[in-house]
Amino acid sequence: MGSNDIATEEEPVHDVTLDSFYLGKYEVTQKEWKEAMGNNPSIYTGDDLPVDNIDWYMAVEYCIKRSIKDGLTPCYSGSGDDIACNFEADGYRLPTEAEWEYAAVGGLKSHDYEYSGSNNPDEVAWHETNCGDKTQPVGLKKPNELGIYDMSGNIWEW
């Protein structure tokens, strides 16, 4: 995990051990968000577009509500700056930084691509020069080695 390529908080490359985890195949769509939250905060709207214009707290609230809706035990408890995550719970949660990075690079199936799933960003990512200045429906580009879409581009991940 990490990078030695540029001076950032990502330095130095280091080993991390992860437990098994699940990650959605697509970014959370606005349809999924509306079903759990009852609203749509997104700037560009469409059921198949990824939800945007949310913060971390809103994402945690979504995870809690979606967990309850699906009959799962929420991972998160507390509120404001006192939110805690029970990693043993079976509900939805945001991936840790290490989990996200592992999934983005393709896990054990990684081909060491520059972008998540390819060395050509146009194959796997919506970005400044090909998106028309708006988000695009999830899953239209090529997935990465784990079958996960939109890990490079479309919306900004935290």
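For this chain, numbers begin at 1 and follow the sequence in order.
Between atom CD of residue Glu123 and atom OG of residue Ser152 there is a gap of 11.5 Å, rounded to the nearest 0.5 Å. Rounded to the nearest 0.5 angstrom, Arg93 CZ and Phe21 CZ are separated by 8.0 Å. Atoms OG1 and CD1, from Thr135 and Ile155 in turn, are 8.0 Å apart once rounded to the nearest 0.5 Å. If you take NZ on Lys141 and CG on Asp122, they are separated by 5.5 Å, rounding to the nearest 0.5 Å. If you take CG on Asn144 and OH on Tyr149, they are separated by 9.5 Å, rounding to the nearest 0.5 Å. The CD atom of Gln136 sits 11.0 Å away from the CD atom of Glu27 when rounded to the nearest 0.5 Å.
Linking Ile, Leu, Val, Met, Phe, Trp and Tyr whenever their side-chain heavy atoms come within less than 4.5 Å leaves Leu140 and Val124 in two separate clusters. Linking Ile, Leu, Val, Met, Phe, Trp and Tyr whenever their side-chain heavy atoms come within less than 4.5 Å puts Leu146 and Leu18 in one cluster. The hydrophobic clustering, which links ILVMFWY residues whose side-chain heavy atoms are closer than 4.5 Å, places Tyr92 and Tyr57 apart. Under the 4.5 Å side-chain heavy-atom criterion for Ile, Leu, Val, Met, Phe, Trp and Tyr, Val51 and Met37 are members of the same hydrophobic cluster. Under a hydrophobic clustering in which Ile, Leu, Val, Met, Phe, Trp and Tyr are joined whenever their side-chain heavy atoms come within less than 4.5 Å, directly or via other members, Met151 and Tyr102 fall into the same cluster.
Without hydrogens or angle criteria, Ser67 side chain to Leu72 main chain gives no donor-acceptor distance under 3.5 Å. The closest donor-acceptor contact from the side chain of Asp48 to the backbone of Thr29 lies at 3.5 Å or more, if one exists at all. At least one donor-acceptor pair under 3.5 Å links the side chain of Asn130 to the backbone N or O of Ala125. At least one donor-acceptor pair under 3.5 Å links the side chain of Asp90 to the backbone N or O of Thr73. Looking only at distances, no side-chain donor or acceptor of Ser42 sits under 3.5 Å from a matching main-chain atom of Tyr44.
Taking the side chain as every heavy atom from C-beta outward, Gln30 and Thr45 approach each other to under 4.5 Å. Contact annotation: the side chain of Glu32 never approaches that of Val138 to less than 4.5 Å [non-hydrogen atoms, C-beta and beyond]. The closest side-chain heavy-atom distance from Leu49 to Pro137 is below 4.5 Å. Using a 4.5 Å heavy-atom cutoff, the side chains of Tyr76 and Leu94 are in contact.
Contact detail for Ala59 and Ile54: the closest heavy-atom pair is CB-CD1, 4.2 Å. Heavy atoms only, all atoms of each residue included: Ala104 and Ser116 are closest at O-OG, 2.6 Å. Of all the heavy atoms in Cys75 and Gly91, the pair that sits closest is SG-O, 3.2 Å. Contact detail for Asp47 and Lys34: the closest heavy-atom pair is OD1-NZ, 2.8 Å. Nearest heavy-atom pair across Lys65 and Ala36 is CD-O, 3.7 Å.
The local environment of CD in Glu97 is sparse, with at most 12 non-hydrogen atoms from other residues, nucleotides or ligands closer than 6.0 Å. Counting non-hydrogen atoms of other residues, nucleotides and ligands closer than 6.0 Å to NZ of Lys134 gives a total of 12 or fewer.
Using a 30° and 60° split on the angle between ring planes, Tyr62 and Trp33 fall in the parallel class, below 30°.
In this model, no donor atom of one side chain and acceptor atom of the other lie less than 3.5 Å apart for Asn120 and Ser118.
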Apply side-chain contact (heavy atoms from CB on, under 4.5 Å) to Ile83 and Trp56, showing your working. CA-CA 11 Å; Ile83 294 174; Trp56 185 83; 3.7 Å; yes
